[in-house]
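So the structure is just underneath, and the comments pick up after that.
The chains referred to below are lettered A, B, ... by the order of the sequence lines, with proteins before strands, and numbering in each begins at 1. Atoms considered below: every heavy atom in the structure, side chains included; atoms not considered: hydrogens, waters and symmetry mates.
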Number of protein chains: 2
Amino acid sequence: MTFRDIEIFVTVCELKSMSAAAKKLYMSQPAVSQTISQMEGELQVRLFDRIGKRLTLTYPGEILYSYGRRILNLVKEAESTLDDVRNMRMGRLRVGASTTVGIYLLPEIIGEFRKRFSVDVYFTIDNTAGIEKLISDNSIDLGIVEGPVHSRDIVVTPYIDDELYLVCSKNHRWAEKKSISPAEIENEDIIMREKGSGTREVFEETMARNNVRYRIKYVLNNTEAIKKAVEANIGVSVISRLAVEKEIRGGRLVKVDIENIRFERKFSIIYHKDKFKSNLFEEFIKHLYDFRSNIK
Amino acid sequence: MTFRDIEIFVTVCELKSMSAAAKKLYMSQPAVSQTISQMEGELQVRLFDRIGKRLTLTYPGEILYSYGRRILNLVKEAESTLDDVRNMRMGRLRVGASTTVGIYLLPEIIGEFRKRFSVDVYFTIDNTAGIEKLISDNSIDLGIVEGPVHSRDIVVTPYIDDELYLVCSKNHRWAEKKSISPAEIENEDIIMREKGSGTREVFEETMARNNVRYRIKYVLNNTEAIKKAVEANIGVSVISRLAVEKEIRGGRLVKVDIENIRFERKFSIIYHKDKFKSNLFEEFIKHLYDFRSNIK
DNA sequence: TAGTAAAATAATATGATATTATGAGATTGA
DNA sequence: TCAATCTCATAATATCATATTATTTTACTA
């Protein structure tokens with residue numbers, strides 16, 4: 001029993017005529033006759049009584065008709081739902097990001113995106129390695145990460161150039177100077193994210209590369225907490241511009257330049273090389289690049 | 001998209017492998033590959049992500065999988081329901097009968113039948129012409145009637161020989177005699193069914209054939225009412241044995257023979273010649289004949 | 001880095017599902 | 001009542017979808 005069979009049967013039921021059904025389905029009348037009698041053979045029940053030239057449904061025929069309608073409706077519904085997906089009237093996008101991007105950038109990006117498309121967006125925050133794993137698993141469709149990606153199967157596209165700012169409280173003695181020499185850092189109390197965080201990696205790597213000694217006095221695993229601590233002048237810190245721009249503009253934190261040293265990193269968009277790029281996926285990538293102008 | 005397509009797709013989803021699905025469905029692997037990619041072409045959506053050698057469902061794939069399962073379940077349910085019908089675990093039988101049979105015989109017959117098969121029995125009472133019409137329409141499957149059937153398209157099978165009994169009250173002067181001559185009827189008050197009823201037709205036709213004069217004093221369109229009236233000795237009547245046997249056995253009515261005259265008729269089973277005889281139909285016919293031994 | 005395994009692709013074979021042609025039975029209308 | 005018309009069934013054939021085998025590509029595994 002195929003859908004075609006059911007479609008033909010249902011049409012015959014509704015028109016109470018094989019030839020009329022044939023006409024409606026743009027096929028020959030014998031094809032309809034054959035289909036019906038074949039169904040009767042397969043199912044081992046008589047579907048129609050042929051009384052005179054009039055067709056009337058038998059009891060099993062009525063049962064099959066009711067199921068047939070339900071089945072056809074379900075198929076139609078499935079097709080139209082898939083059509084909605086294809087035309088992005090519905091959909092699902094699973095995005096992952098490492099901490100900084102995830103907290104300070106993506107929520108707004110996703111919010112804007114959902115204003116344009118009423119789709120479900122699933123959103124995971126993890127470190128770069130975790131996001132990379134999720135991409136490999138196809139557990140998420142796309143990620144935005146800060147660190148280097150190791151798998152050869154993952155496509156990496158530069159997205160945003162990030163910079164970490166050295167910030168201090170407006171009450172700190174550096175607040176006036178706006179610029180210091182590297183040596184001045186040595187005896188300063190530094191508040192820093194935990195080991196393994198992308199921010200700390202960039203900080204330590206840059207400091208080492210420039211042979212600057214430093215002392216991390218406080219470790220907090222939460223950027224917001226670090227900002228509060230710096231504001232309270234408990235110490236200074238190095239934090240992504242994405243996380244502190246508001247506070248700097250508001251004067252609650254002060255950005256301090258270090259002579260000849262900049263903490264730089266790149267955020268990258270990553271996805272699996274074999275990933276099928278749905279319309280929605282492409283649209284989100286476009287959206288990401290469009291959104292960049294809001295930041296730079 | 002065919003039923004087969006969905007079956008293949010669902011199997012692939014569940015085994016997460018095309019070759020495993022092919023094995024399970026006893027078909028070649030390329031056939032599965034082809035089916036899937038053809039579905040993707042038709043529906044214009046990617047159903048699987050081919051990441052490495054692992055297959056994972058896309059979002060539209062997941063949607064189709066959920067619909068697919070529902071559709072397959074519905075088809076299976078339809079098939080098993082039809083199987084139940086075929087094996088008479090369920091069914092429908094539409095029976096019609098003319099008045100006497102309908103009231104005094106069929107209820108018990110149907111009751112017994114439903115003890116054996118849990119099927120729906122629809123039951124219509126009408127005069128012979130009405131039942132004949134319903135048969136022609138295929139509005140009922142089978143009828144039991146008393147009168148002659150005119151349509152050449154209806155199969156008529158003799159069922160039961162019925163006889164009308166002349167009955168009087170136990171207080172009537174005939175009650176002792178048990179037998180009378182035709183001439184004795186002439187001046188008797190007769191209570192009779194309305195014109196057009198099968199009973200009256202047989203009565204009048206038999207009386208005319210035997211040149212007996214008679215006088216119908218009361219007309220009632222209800223056999224039960226006639227029986228009560230006869231019991232009350234308001235008059236005598238001629239009633240099917242099926243309707244009065246209990247009362248005669250109980251002594252409330254007395255059967256009176258008329259010399260050389262018997263009111264005879266036959267009940268017949270009728271159905272349309274083109275009617276498909278389902279198992280249930282055949283079973284009911286058999287049941288009818290089995291039941292005869294309870295009456296004769 | 002070879003060996004194995006899975007999926008895709010190509011060429012071909014098969015078979016279900018159409019079509020045309022025709023026939024039988026039934027209703028309709030002159 | 002009898003031809004005309006209509007409906008469905010049957011038979012022969014054609015077509016096209018769906019399978020198969022053979023082969024290639026790619027990825028995982030030891």
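No hydrogens or angles considered: a donor-acceptor pair under 3.5 Å links the side chains of A:Ser33 and A:Gln29. Between the side chains of A:Tyr67 and B:Glu79, no donor N or O sits under 3.5 Å from an acceptor N or O.
A salt bridge between A:Glu201 and A:Arg265 is absent, with no side-chain N of the basic residue lying under 4.0 Å from a carboxylate O of the acidic one. B:Lys133 and B:Asp126 are not joined by a salt bridge, as no carboxylate oxygen comes within less than 4.0 angstrom of a charged side-chain nitrogen. Using a cutoff of 4.0 Å between basic side-chain nitrogens and carboxylate oxygens, A:Arg50 and A:Glu40 are scored as salt-bridged.
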### Query
Run the side chain to side chain contact (heavy atoms under 4.5 Å, CB included) check on A:Tyr59 and B:Val85 step by step: do they pass?
CA-CA 8 Å; A:Tyr59 181 64; B:Val85 172; 4.1 Å; yes

### Query
Taking it one step at a time, do B:Leu57 and B:Cys13 satisfy side chain to side chain contact (heavy atoms under 4.5 Å, CB included)?
CA-CA 7 Å; B:Leu57 276 172; B:Cys13 290; 3.7 Å; yes

### Task
Starting from the C-alpha separation in whole Å, work towards a yes-or-no answer on ring-ring contact (aromatic ring centres under 6.0 Å, His included) for B:Phe284 and B:Phe117.
CA-CA 10 Å; B:Phe284 189 73; B:Phe117 302 101; 9.7 Å; no

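Between the P atom of C:dA16 and the CE atom of A:Met1 lies a distance of 17 Å, rounded to the nearest Å. One can place CG of B:Leu15 at 12 Å from P of C:dA6, the figure rounded to the nearest angstrom. One interatomic measurement links the two molecules: CZ of B:Arg54 to P of C:dA7, which rounds to 10 Å at whole-angstrom precision. Distance, B:Arg46 CZ to C:dA7 C1': 12 Å, rounded to whole Å. If you measure from atom CD1 of B:Ile36 to atom P of C:dA8, you get 9 Å, rounded to the nearest angstrom. When the P atom of C:dA16 is taken as reference, atom CZ of B:Phe3 falls 16 Å away, rounded to whole Å.
In this structure, B:Tyr289 has its ring center under 6.0 Å from that of B:Tyr159. In this structure, A:Phe276 has its ring center no closer than 6.0 Å to that of B:Phe48.
Map B:Lys273 and A:Ala31 each onto its nearest nucleotide of DNA chain C; the residue landing nearer the 5' end is A:Ala31. Nearest-nucleotide positions on DNA chain D for A:Asp153 and B:Val32 put B:Val32 closer to the 5' end.
When the local axes at the two ends of the helix from C:dT1-D:dA30 to C:dA30-D:dT1 are compared, using 5 base pairs at each end, they differ in direction by 30° after rounding to 10°.
DNA chain D is contacted by A:Met18, A:Ser19, A:Gln29 of residues 18-29 of chain A, taking any non-hydrogen atom closer than 4.0 Å.
Among the protein residues, B:Gln38 comes within range of the sugar-phosphate backbone only, with heavy atoms under 4.0 Å from sugar or phosphate atoms but none that close to a base. A:Ser37 comes within contact range of no nucleotide atom at all, as no heavy-atom separation falls under 4.0 Å.
Nucleotides of DNA chain D with any atom under 4.0 Å from a heavy atom of chain B span, from 5' to 3', D:dT18 to D:dC28.
Side-chain atoms of B:Ser151 come within 3.5 Å of backbone atoms of B:Asp153 as a donor-acceptor pair (strictly under, hydrogens ignored). Distance alone, capped at 3.5 Å, places no donor-acceptor pair between the B:Ser197 side chain and the B:Arg193 backbone.
Taking side-chain N and O atoms only, B:Ser33 has no distance below 4.0 Å to OP1 or OP2 of C:dT9. Taking side-chain N and O atoms only, B:Arg4 has no distance below 4.0 Å to OP1 or OP2 of C:dA16.
With distances taken from any side-chain atom of A:Ile8 to the nucleotides C:dT20, C:dA18, C:dT9, the minimum falls on C:dA18.
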